Number of protein chains: 2
Amino acid sequence: MSHDDAHPVSLQCGDCPIRHRAVCARCESSELDELEGAKYYRSFEAGQTVIWSGDKMDFVASVVSGIATLTQTLEDGRTQMVGLLLPSDFVGRPGRDRAAYNVTATTDILMCCFRRKPFEEMMERTPHIAQRLLQMTLDELDAAREWMLLLGRKTAREKIASLLSIVARRDASIRHRKMRGRLSFDLPLTREAMADYLGLTLETVSRQMSALKRDGVIELEGKRHVTVPDMDRLLIEAGDDSDGGLIA
Amino acid sequence: MSHDDAHPVSLQCGDCPIRHRAVCARCESSELDELEGAKYYRSFEAGQTVIWSGDKMDFVASVVSGIATLTQTLEDGRTQMVGLLLPSDFVGRPGRDRAAYNVTATTDILMCCFRRKPFEEMMERTPHIAQRLLQMTLDELDAAREWMLLLGRKTAREKIASLLSIVARRDASIRHRKMRGRLSFDLPLTREAMADYLGLTLETVSRQMSALKRDGVIELEGKRHVTVPDMDRLLIEAGDDSDGGLIA
DNA sequence: CGTAAAGTTGATATTATTCAACGGAAGTGG
DNA sequence: CCACTTCCGTTGAATAATATCAACTTTACG
């Protein structure tokens, strides 16, 4: 079905780049040892489908590196992205054996996997895992609700500005930079993926990107590299609270 | 601030109508005894605000009866409903001391409350509560993502049909009826609340309700009582998968 | 090069919003 | 009991926003 696992990977949990943020974040060393023994890695190339909605899903996983998307579709092909999976994010649901969404690798990705049944048993025995998963799920629920506001009530221009703010924020957080003044980052999404995220057509995305560029809110080098001369200006364009914040 | 608690209520957990669905669903009788001792009831009248986004929130609660809404707003007043709280649904987030959303009573409601700190401590000790809360949160996340598809990609007519299907489904489930053939139910929302839920204006909601009525998809008695002569027809109008399903 | 994929832009069509007028039901006070 | 008001809902006409269809450009890549 796919050429994942072409390059088997081995990584000690102690050295794992997502050790402190993933579902295992709260585990103690003895708990980590058990996970260490059960885990296995899978990798997918950019563009590959990890799983189709409705398919049997006998594993759960954490994204170690790279970006994947969760999408839902209507019968006639209209599609809506419902989540963006970044390193440390969790895929799959304990207690459910079929995927509820399509999962697609946007860049090359590496995932740390566990067979579902053993993971579920481990969760029963290990409150630290369940606690962390609850916390992560609550965060995702907040993010989903924030996105509902965007989808239901923001204009196309505000939607684009919001997406750019979020990508900028994530990038600043990874590189330990402040969210002020001049910032630049790569946009890991095609115009079509942006459209699917924002509930727009790709033409509208393109037009609004051009408009933001024309108005000096952003600068573009090539298609994917964005520079924001004034972050506050972008946040205002996004229409969020003046504190620039997601959840209050 | 409000005239809640005008009629103090007392209810044994064993007799509680949401006993088997709420956050306490998995608790054993000894655990229930502990909850019994810590709980208190609050009631709100239709239209009252339970809590404002950003306010200090020192309790968590389950909705026992009635309906409440979770909404988010933009500075200029645009508002989006991000959740509908039905009996057994949980309000508040362990580990967070400020409300992230506005909570408003749509009908008169009764809530079973716990002070937040004691509840958090109880959760640490009682995996049954944490497990159930995780399950409920995952369900809410699925519902939120289903709603994202609606907000981002459905037409106004499909949005209305989807909302009616969901209310019909809930009503059928409560009254133990099948989702087939002729069905009728009360709509617990004003046109404005429907609009806030669906990311539309109230005029568009009104027009589409009229259109569905004109086309024979629904019948209306008064403004709030809806009869669906053919449920399958409504599901087709909603644009969901032919199996009529939410999550696959 | 030549081709495919991604992106841009223009013209036009469609959809939903906005602004405005109006109708009916429920509640209030004389 | 009747005017009066308010809230909720409906409908129409004009407008604005976004989608659709289509042509064309740029970039990446064999």
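Numbers restart at 1 for each chain; the letters A, B, ... are given by sequence-line order, proteins then strands. Keep in mind that what you see is a predicted model, and the values were worked out from it rather than measured.
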Apply the test side-chain hydrogen bond (donor to acceptor under 3.5 Å, both in side chains) to residues B/T204 and B/T201: give CA-CA distance (whole Å), side-chain angles for both, the deciding distance (0.1 Å), then the verdict.
CA-CA 5 Å; B/T204 299; B/T201 59; 3.0 Å; yes
Let me know the distance between CE of B/M209 and C1' of D/dT11, rounded to the nearest Å.
15 Å
Find the distance A/D196:CG to C/dG7:P and express it as a whole number of Å.
12 Å
What integer distance in Å separates A/I160:CD1 from D/dT18:C1'?
12 Å
Just do the side-chain contact (heavy atoms from CB on, under 4.5 Å) check on B/N102 and B/I51 with the steps written out, would you?
CA-CA 6 Å; B/N102 299 321; B/I51 193 141; over 6 Å; no
Note: B/D139-A/R93 ion pair, threshold 4.0 Å (strictly below)
yes
Rounded to whole angstroms, how far apart are CD on A/E158 and C1' on D/dT18?
14 Å
Atom pair distance, as rounded to whole Å: CG in A/L220 and C1' in C/dG7:
11 Å
Charged N to carboxylate O below 4.0 Å: is that the case for B/D89 and B/R21?
no
Sidechain N-carboxylate O distance under 4.0 Å for A/R177, A/D171
no
Just to verify, which of A/K213, A/R214, A/R182 counts as forming a salt bridge (charged side-chain N to carboxylate O under 4.0 Å, His left out) with A/E219?
A/R182
Between the protein and nucleotides 5-9 of chain D, list the N/O to N/O atom pairs that are separated by less than 3.5 angstrom.
{"from": "D/dG9", "atom 1": "OP1", "to": "B/R224", "atom 2": "NE", "distance (Å)": "3.1"}
{"from": "D/dG9", "atom 1": "OP2", "to": "B/R191", "atom 2": "N", "distance (Å)": "2.8"}

Looking at A/D215 and A/R233, is there a salt bridge between them, counting it only when a charged N and a carboxylate O are closer than 4.0 Å?
no
N/O to N/O distances under 3.5 Å, protein versus nucleotides 16-23 of chain C:
{"from": "C/dA16", "atom 1": "OP1", "to": "B/A156", "atom 2": "N", "distance (Å)": "2.8"}
{"from": "C/dT17", "atom 1": "OP2", "to": "B/T201", "atom 2": "N", "distance (Å)": "3.4"}
{"from": "C/dT17", "atom 1": "OP2", "to": "B/T201", "atom 2": "OG1", "distance (Å)": "3.2"}
{"from": "C/dT17", "atom 1": "OP2", "to": "B/T204", "atom 2": "OG1", "distance (Å)": "2.4"}
{"from": "C/dT18", "atom 1": "O4", "to": "B/R207", "atom 2": "NH2", "distance (Å)": "2.7"}
{"from": "C/dC19", "atom 1": "N4", "to": "B/E203", "atom 2": "OE2", "distance (Å)": "3.2"}

Using five pairs at either end of the helix from C/dC1-D/dG30 to C/dC22-D/dG9, determine the angle between the two local helix axes and round it to 10 degrees.
40°
Between B/E237 and B/K159, is there a salt bridge with N-O shorter than 4.0 Å?
no
Tell me the interatomic distance from A/D76, atom CG, to D/dT20, atom C1', rounded to whole angstroms.
14 Å
State, to 0.1 Å, how close B/Q72 and A/R145 come at their nearest heavy-atom pair, and which atoms those are.
NE2-O, 2.9 Å
Only one of A/D76, A/T79, A/D196 passes side chain to side chain donor-acceptor pair (under 3.5 Å) with B/R153; say which it is.
A/D196
When you check the gap from the basic side-chain N to the acidic O, do A/R180 and A/D232 get nearer than 4.0 Å?
yes
Check the distance between C/dG7's C1' and A/I218's CD1 and give it to me in whole angstrom.
14 Å
